[in-house]
Engineer: 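Before I ask anything, here is the structure I am working with.
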Amino acid sequence: MPEFAKLEDSVNTKKHSSEQILESITRASKNGFLAYGLDSKITCFSLGLEDITGWHESEMLGKPITELYSIKEKAVLKSPGDITTQIITLYTRDGKQMTLEAKLTGVIDDNGDLSGYLLWFLIEDYSKTLDRAQSEFVSTVSHELRTPITSIKGFASTLLSSKQKLDEDKRQKYITIIKDQAERLSRLVEDLLAVSRLESRKLQLTIHPVKIKPIVDDIVVIIQSKYNFSHKITVSLQEQVPDTWVDSDRLEQILTNLVDNAVKYSPNSDKVDIRIKQVQYGEEPKPMVAVEVTDYGIGIEKDNIRKIFTKFSRLDNHLTRKTEGTGLGLYISHSLARLLGGDLTVMSGNGQTTFTLYLPTESHEGGVIWWD
Ligand code: ADP
C-alpha cells in the first residue's frame, strides 16, 4: 500500500472532536482566550492570557471564572452561537485590576448542545485598556490630591481674612485641620511614590536575616499609642520560628499597614491577635514564616476580597467614610510581600478577619539585590 494511503487511513480513523480542535487553537493563541464549562469552571487558558494576567494555565484550570474576573456589564447570549460583548474586570496575578471589553460566545459540542463558553479579548483592546488605566489613575490621583488641598486652602483663607474675629478655640481647630490635611497629603505622596517605585521596578531591597518578633513588638507599641491604647494587641510566637530573609524596612511597612488596618477597621472590638509561626506554603510548599493578624471588626465581604489588594480600593462602608486612608496600603503591602518572595492573603468570616503575611526563611543571594 502506498505511504499516502496509510496516512489517509490514519487521518480518517483519528478524527478530532471540534472541542479538541477549539481547545488547541485557544490554548496556542497569543490573544487572550478563555474557555469555561457550564459549571463556570475554566477549561482552557491561552498563552496570550497568561501574558496579560500573569497567571499560569496550571493555576487557573478548574478554577471558577470568578477567581479571574468579575463582570461589570453583563451581556445575554440570545442563542448559543450568538457573539456578544461583556465588560469585565480581570484580576492579575500581581493584584492589579484591569477593566476590558471581551467577546463571549457559546461552545457547541458535536451533538449540537451547549457545552460551555468562550471569552476573548484582542491585544489591541488590551493596549487601549492600559492607556485607559493610566488616565483613570491620573484622574483618581488628582481627585485624591484635590480634597486635602481644597481643605487647606479654605481654612487658611478663613484664618487670613478673619483677622481678630475668630476666637482662640476656632483658630486652634482650623490650624489643626490644616496640619492634619497637610499630613494626609504627605502620606498620599509617600504612597504614590511607593507605587511608582514598585511599578517602575526601581525599588532597592536589602535582604538579610531578620528576627520577626522584635519588629512586630515595636509596631504594636507604635499603633497602640497612635490609637490611644483602644485595643489590646497580643503577640504569640511559636517555638523555634526561624529568621526571615527580608528587607526589614519593607517588612515594617507591610506589618504597620496590617496592624493599623486591624485596629482602624474594628472600632467595635477591643483586641487584635497576632500569631507568628512556621508553615509550609506555596505551589511547591516551602518552609515560610507566617504572621497572622486577626481582628474582630467589620470584616470584608467575599466579593470584595480581591478588590482590596488593588490601587485606591476603599470599600464602601460607614467606616471607610469615617476613617483616614488612601486605599493604597494593601496594594503596596501585597506587591511588596510578593517582591520579598512571600505572599499576603486574607480570610474574613464569622466575625473575624485574618491577614496572613508569608515570608521566606532563606535567601539565594543575600546582600543587596535589585529587582528588575
Ligand atoms: P486604606 O488606606 O483605605 O486603609 P488599604 O489599602 O490599607 O487602604 O485598605 C483598602 C481597604 O480594604 C480599606 O479601605 C478597607 O475598606 C478594607 N480593609 C483593609 N483592612 C481591613 C480590615 N482589617 N477589616 C476590614 N476591612 C479592611
Side-chain angles (χ1 to χ4, degrees), residues 70 89 91-92 94-97 137 140-141 143-145 147-148 180-181 183-199 216 219-220 222-224 226-227 230-235 250-275 290-339 343-357:
S70 61
T89 302
Y91 306 119
T92 64
D94 59 2
K96 290 186 199 125
Q97 245 180 20
F137 182 70
T140 318
V141 170
H143 176 78
E144 293 291 324
L145 292 173
T147 317
D180 290 349
Q181 291 301 320
E183 275 169 7
R184 179 177 169 191
L185 210 51
S186 114
R187 270 198 306 273
L188 191 61
V189 171
E190 279 305 315
D191 279 356
L192 286 170
L193 282 174
V195 169
S196 148
R197 266 183 238 121
L198 272 168
E199 295 190 347
V216 174
I219 290 168
V220 167
I222 293 166
I223 301 289
Q224 275 184 321
K226 176 176 172 189
Y227 290 98
S230 60
H231 289 62
K232 181 166 189 270
I233 307 179
T234 63
V235 183
R250 307 297 164 203
L251 173 65
E252 236 176 86
Q253 192 179 350
I254 303 172
L255 285 170
T256 305
N257 177 228
L258 297 182
V259 183
D260 190 304
N261 278 351
V263 174
K264 189 162 75 169
Y265 297 111
S266 67
N268 49 333
S269 122
D270 59 1
K271 65 168 183 164
V272 167
D273 296 318
I274 303 175
R275 285 173 300 276
V291 187
E292 298 174 351
V293 181
T294 301
D295 70 70
Y296 307 86
I298 56 165
I300 303 163
E301 282 175 23
K302 201 164 167 256
D303 287 352
N304 286 329
I305 291 273
R306 276 188 179 275
K307 260 190 223 159
I308 59 169
F309 292 119
T310 59
K311 266 180 284 188
F312 295 113
S313 55
R314 303 207 75 211
L315 303 180
D316 193 17
N317 57 49
H318 66 286
L319 264 188
T320 326
R321 265 167 264 136
K322 270 194 265 169
T323 52
E324 269 286 305
T326 59
L328 289 171
L330 285 178
Y331 169 77
I332 295 170
S333 297
H334 186 249
S335 310
L336 283 177
R338 290 271 174 99
L339 199 54
D343 202 358
L344 178 62
T345 63
V346 59
M347 295 216 337
S348 187
N350 299 327
Q352 62 184 60
T353 300
T354 300
F355 281 85
T356 306
L357 173 65

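Bear in mind the structure is a predicted one, so any value in this text is a computation, not a measurement. Atoms within a ligand are numbered from 1 in the order they appear, just like the ligands themselves.
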Engineer: Quick one: does K307 get a heavy atom under 4.0 Å from ligand 1?
Structural biologist: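 It does not, in that no heavy atom of K307 comes within the 4.0 Å cut-off of ligand 1.
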
Engineer: Would you mind running through ligand 1 and noting each atom that sits below 4.0 Å from a heavy atom of D295?
Structural biologist: 22 (C), 23 (N)

Engineer: Is N268 atom CG crowded by more than 12 heavy atoms from other residues, nucleotides or ligands, each under 6.0 Å away?
Structural biologist: yes

Engineer: Taking Q224 for the side chain and K232 for the main chain, is one N or O donor matched with an acceptor at less than 3.5 Å?
Structural biologist: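 Not confirmed, Q224 side chain does not pair with K232 backbone.
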
Engineer: Taking atom 13 (C) of ligand 1 as the point of reference, which of Y265, Y331, F355 owns the nearest heavy atom?
Structural biologist: Y265

Engineer: With the threshold set at under 4.0 angstrom, would you say G327 reaches ligand 1 through any of its heavy atoms?
Structural biologist: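 Checking ligand 1 against G327, which is what was asked, there is a heavy-atom contact under 4.0 Å.
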
Engineer: Give yes if a backbone or side-chain nitrogen or oxygen of I308 is under 3.5 Å from a nitrogen or oxygen of ligand 1, and no if not.
Structural biologist: no

Engineer: Using 0.5 Å steps for rounding, measure from the CG atom of D295 to the CZ atom of F355.
Structural biologist: 7.5 Å

Engineer: Can a donor-acceptor pair be found between the side chains of R275 and T354 at a distance below 3.5 Å?
Structural biologist: no

Engineer: Of the listed options (V263, L188, L330), which comes nearest to atom 9 (O) of ligand 1 when hydrogens are ignored and any heavy atom counts?
Structural biologist: L330

Engineer: Heavy-atom count around E301 CD within 6.0 Å, excluding the residue itself: above 12?
Structural biologist: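 Check fails, neighbour count at 12 or below.
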
